[in-house]
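Worth knowing before you read on, the calculation uses all heavy atoms, side chains too, and leaves out hydrogens, waters and symmetry mates.
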There are 2 protein chains.
Amino acid sequence: MSIIFSRQCEYALQAVTYIALKPSGEMTSIKELAKILDIPYHFLGKILQNLVYKGLLISQKGPSGGFALGMAAKDITLFHIVEAIDGVDFTNKCVLGFPECSGKNPCAAHTHWGNLRDGIYQMLVSKNIAEMAKDMKKPEYQLAAG
Amino acid sequence: MSIIFSRQCEYALQAVTYIALKPSGEMTSIKELAKILDIPYHFLGKILQNLVYKGLLISQKGPSGGFALGMAAKDITLFHIVEAIDGVDFTNKCVLGFPECSGKNPCAAHTHWGNLRDGIYQMLVSKNIAEMAKDMKKPEYQLAAG
DNA sequence: CTAGATTAAGATAAAAGACTCCGAATTAAA
DNA sequence: TTTAATTCGGAGTCTTTTATCTTAATCTAG
């Protein structure tokens with residue numbers, strides 16, 4: 001299949017980014033998120049629950065309840081979310097699965113991959129949700145429910 | 001989960017690399033591969049079947065039968081194998097799963113990721129099985145069955 | 001205070017991926 | 001020519017991920 005992040009993780013990134021677009025204090029419901037981002041309702045519920053547990057979001061029950069960011073958008077990096085959902089094992093395993101591959105016995109792709117891996121890590125820690133949200137707001141960036 | 005290539009794909013890479021170590025003309029059986037590389041026997045059978053179908057390997061039934069490379073080791077790139085097993089969709093999807101993200105409507109990570117993605121692609125097309133095999137042959141690189 | 005909206009939580013189902021089993025087909029070696 | 005080794009092909013199982021369903025707990029609005 002060749003993926004980097006799980007579907008859960010992709011949903012989480014999208015949802016948190018969308019929530020970051022709302023004026024501070026306003027709550028966003030699962031219903032709205034699921035509809036606009038086209039994510040399965042109950043599945044998204046579980047994911048957001050997890051993010052609340054990890055402190056990245058806060059939640060409120062009842063009418064006009066929903067979810068909001070647990071800290072400033074600029075302080076939530078992509079890494080925070082990926083780590084919360086997927087974990088970050090990919091940072092120290094041989095990409096090609098060679099069991100004996102390590103720093104001391106590198107496979108032919110080891111060093112090359114090391115650089116790429118560092119690059120991915122840098123991207124995750126350097127990009128924050130505020131930046132992501134800014135791009136999502138652009139007019140061309142039409143969402144499912146318009 | 002954060003993976004890049006499926007387990008099937010990892011097994012394929014390891015098996016093809018091991019086969020490349022054999023003198024040309026000699027066949028390698030599933031039995032030997034499964035034992036030395038510590039890969040489930042029947043599962044490996046299916047994977048190799050697929051690689052034969054795709055032309056990367058050739059096979060021969062019966063005693064002293066097995067598998068051999070379908071072309072010169074230096075002409076089989078990692079890309080060939082990844083493409084045959086996993087497909088290479090990752091080369092044109094948004095890493096973060098944003099459905100609207102594209103070259104024209106890039107998300108904040110798009111350009112940055114584009115470079116990393118190109119790097120991964122370059123690694124896959126530039127590394128070939130002959131190079132991988134050379135490293136596998138090193139003495140430190142002990143295999144499961146010695 | 002009540003009703004309805006919403007999250008929380010657990011159990012369940014469906015889909016995909018990883019892996020196994022069995023028997024048929026083929027072929028080299030004895 | 002027989003036998004045994006091997007790949008081939010299909011069906012089936014197990015596990016993980018993704019997704020759904022149901023009920024309980026909570027809270028706001030009226």
Side-chain angles (χ1 to χ4, degrees), chain A residues 1-16 19 22 25-35 37-70 82 84-87 89 97, chain B residues 1-16 19 22 25-35 37-70 82 84-87 89 97:
Chain A
M1 182 62 42
S2 285
I3 60 169
I4 304 245
F5 307 117
S6 70
R7 192 168 309 181
Q8 261 194 76
C9 192
E10 293 182 357
Y11 290 162
L13 288 161
Q14 294 171 41
V16 173
I19 291 170
K22 293 295 182 71
E26 187 170 324
M27 293 301 210
T28 311
S29 70
I30 300 177
K31 201 165 99 186
E32 177 179 351
L33 288 162
K35 184 176 178 188
L37 299 174
D38 194 26
I39 298 175
Y41 183 95
H42 295 92
F43 193 33
L44 181 57
K46 300 287 184 204
I47 296 168
L48 298 184
Q49 234 175 82
N50 186 8
L51 293 175
V52 169
Y53 175 76
K54 300 276 171 57
L56 295 171
L57 295 179
I58 56 176
S59 69
Q60 190 172 21
K61 295 179 184 176
S64 78
F67 298 83
L69 299 185
V82 170
I85 303 284
D86 279 349
D89 282 355
Chain B
M1 183 59 44
S2 286
I3 61 165
I4 303 245
F5 306 118
S6 70
R7 191 162 317 176
Q8 262 194 76
C9 193
E10 293 182 356
Y11 289 162
L13 288 161
Q14 294 171 41
V16 173
I19 291 169
K22 291 295 181 71
E26 188 169 325
M27 293 299 210
T28 310
S29 69
I30 300 177
K31 201 165 97 185
E32 177 179 350
L33 289 162
K35 184 176 177 189
L37 299 173
D38 194 27
I39 298 174
Y41 182 94
H42 294 93
F43 193 32
L44 181 57
K46 299 289 184 202
I47 296 168
L48 298 184
Q49 235 176 80
N50 187 8
L51 293 176
V52 168
Y53 176 76
K54 299 277 171 57
L56 295 171
L57 295 179
I58 56 175
S59 69
Q60 189 173 20
K61 296 179 185 174
S64 80
F67 298 84
L69 299 185
V82 171
I85 304 283
D86 278 350
D89 284 356

Notebook entry, point to check: Between A:Asn50 and A:Lys54, is a side chain to side chain donor-acceptor pair (under 3.5 Å) present by the stated rule, with each step listed?
Noted result: CA-CA 6 Å; A:Asn50 186 8; A:Lys54 300 276 171 57; 3.1 Å; yes
Next item on the list: Provide the closest heavy-atom pair for A:Ile30 versus A:Tyr41 in the form atom of the first, atom of the second, distance.
Entry: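 Closest pair (atom of A:Ile30, atom of A:Tyr41, distance): CG2-O, 3.5 Å.
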Notebook entry, point to check: Looking only at atom types and distance, does a side-chain atom of B:Gln14 sit under 3.5 Å from a main-chain N or O of A:Gly97, one as donor and one as acceptor?
Noted result: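 Such a contact is found between B:Gln14 side chain and A:Gly97 backbone.
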Margin query: Tell me whether B:Asp86 contacts the main-chain N or O of B:Ser6 through its side chain, where contact means a donor paired with an acceptor under 3.5 Å.
Written below: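 Yes; judged by distance alone, with no hydrogens or angles, the pair exists.
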Please report, rounded to the nearest Å, how far the [atom2] atom of [N] is from the [atom1] atom of [X].
X: B:Leu44; N: D:dG9; atom1: CG; atom2: P; result: 16 Å
X: A:His42; N: D:dT17; atom1: NE2; atom2: C1'; result: 18 Å
X: B:Met27; N: D:dA5; atom1: CE; atom2: C1'; result: 14 Å
X: B:Tyr11; N: C:dG17; atom1: OH; atom2: P; result: 15 Å
X: B:Leu33; N: D:dA5; atom1: CG; atom2: P; result: 18 Å
X: A:Asp86; N: D:dT17; atom1: CG; atom2: C1'; result: 11 Å
X: A:Glu26; N: C:dT6; atom1: CD; atom2: P; result: 13 Å

Check: Using the C1' atoms of five pairs at each end, what's the angle between the two axes of the helix from C:dC1-D:dG30 to C:dA30-D:dT1, to 10 degrees?
Finding: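 Angle reported: 0°, given to the nearest ten degrees.
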Note to self: Closest-nucleotide mapping onto DNA chain C: is A:Gly66 or B:Pro40 further toward the 5' terminus? I mean the 5' end.
What the structure shows: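 Its nucleotide being nearer the 5' end, the pick is A:Gly66.
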Check: Nearest to the side chain of A:Ile30, which nucleotide is it out of D:dT7, C:dT7, C:dC21?
Finding: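 My answer, after comparing the listed nucleotides, is C:dT7.
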Next item on the list: Would you indicate which nucleotide in D:dC8, D:dT20, C:dT6 comes nearest to any side-chain atom of A:Phe43?
Entry: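 It is D:dT20.
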Next item on the list: Mind checking B:Tyr41 for me? I need base, sugar-phosphate or nothing, with any heavy atom below 4.0 Å counting as a touch.
Entry: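 Base, at least one base atom sits under 4.0 Å.
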Note to self: Expected output is a numbered-order residue list: members of residues 45-59 of chain B with a heavy atom under 4.0 Å from any atom of DNA chain C. What is it?
What the structure shows: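 Result for residues 45-59 of chain B: B:Lys46, sorted by number.
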Contact list (N/O, under 3.5 angstrom) for nucleotides 28-30 of chain D vs protein:
from: D:dT28; atom 1: OP1; to: A:Gln60; atom 2: NE2; distance (Å): 2.9

Notebook entry, point to check: Just to confirm, is there a sub-4.0 Å distance from OP1 or OP2 of D:dA19 to any side-chain nitrogen or oxygen of A:Arg7?
Noted result: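 Answer yes for this pair, as a side-chain N or O of A:Arg7 is under 4.0 Å from OP1 or OP2.
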